[in-house]
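Working notes, beginning with the structure itself.
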Amino acid sequence: MVMKMLLFLFIVQPAVQDRDHKFLTQAIGEAYKGVECKDGGPFGAVVVRNDEVVACKKLNQIELSDCEIYASCEPCPMCFGAIHLSRIKRLVYGAKAEAAIAIGFDDFIADALRGTGFYQKANLEIKQADGTGAVIAEQVFEKTKEKFTLY
């Protein structure tokens, strides 16, 4: 039984990491698009349901408990509120809030998320992306900081 479980974890883990990387890369692409279109700062996200990027309008609902969200950065208070209220089951983010703070954005909620892998009230798993996903997500801030104005 233990061997079967270890074999299962060995096979499944890379698939989960590849899937996370795929959708995180799409979220990072949205961050670049937002800066290029002057549609905000270097932040992007995609909502995923059954391995497909979706939107509330497409689903015709605001409750997303069977969805995940991939975000280029730790969520700001507004985004975190939306994630919490929509009951999204999983958040995978790339860059830590410090990458945004380093170029002038302010995010006090990052401290609330530190030290836990699970937000108790929302039943939400919180995980920073592994490996290159986090690195390329942080690069979007440095590569685009000259293209937008803060307040």
Checklist line | Short N-O contact, R90 and E125, less than 4.0 angstrom | finding: yes
Notebook entry, point to check: Quick one: side chain to side chain donor-acceptor pair (under 3.5 Å) partners of E52, sequence neighbours excluded?
Noted result: K58
Next item on the list: Return the set of residues passing side chain to side chain donor-acceptor pair (under 3.5 Å) with K147 (not counting sequence neighbours), or none when no residue passes.
Entry: E36
Check: Does a salt bridge link E68 with K127, judged by any charged N lying under 4.0 Å from a carboxylate O?
Finding: no
Margin query: Can you give me the closest heavy-atom contact between L91 and A71, atom names plus distance?
Written below: CD1-CB, 4.2 Å
Notebook entry, point to check: Does the side chain of Q128 come within less than 4.5 Å of Y93's, by heavy atoms?
Noted result: yes
Check: So which heavy atom on A137 is nearest to which on A95, and how close?
Finding: CB-N, 3.4 Å
Check: Should K89 and D66 count as an ion pair when the cut-off is N to O under 4.0 Å?
Finding: no
Notebook entry, point to check: Side chains of T144 and Y32: closer than 4.5 Å at any heavy-atom pair?
Noted result: yes
Item checked: Distance-minimising heavy-atom pair for E138 and A99 -> CG-CB, 4.2 Å
Next item on the list: Let me see the working for K143 and I136 under side-chain contact (heavy atoms from CB on, under 4.5 Å), right down to the final yes or no.
Entry: CA-CA 10 Å; K143 289 180 177 180; I136 62 174; over 6 Å; no
Notebook entry, point to check: According to the ring-ring contact (aromatic ring centres under 6.0 Å, His included) rule, which pairs have a member within residues 34-58, sequence neighbours left out?
Noted result: F43-F105, F43-F141
Notebook entry, point to check: Taking everything shown except I62 itself, do over 12 heavy atoms lie less than 6.0 Å from its CD1?
Noted result: no
Check: Within a strict 4.5 Å, meaning less than it, do heavy atoms of the V54 and V48 side chains meet?
Finding: no
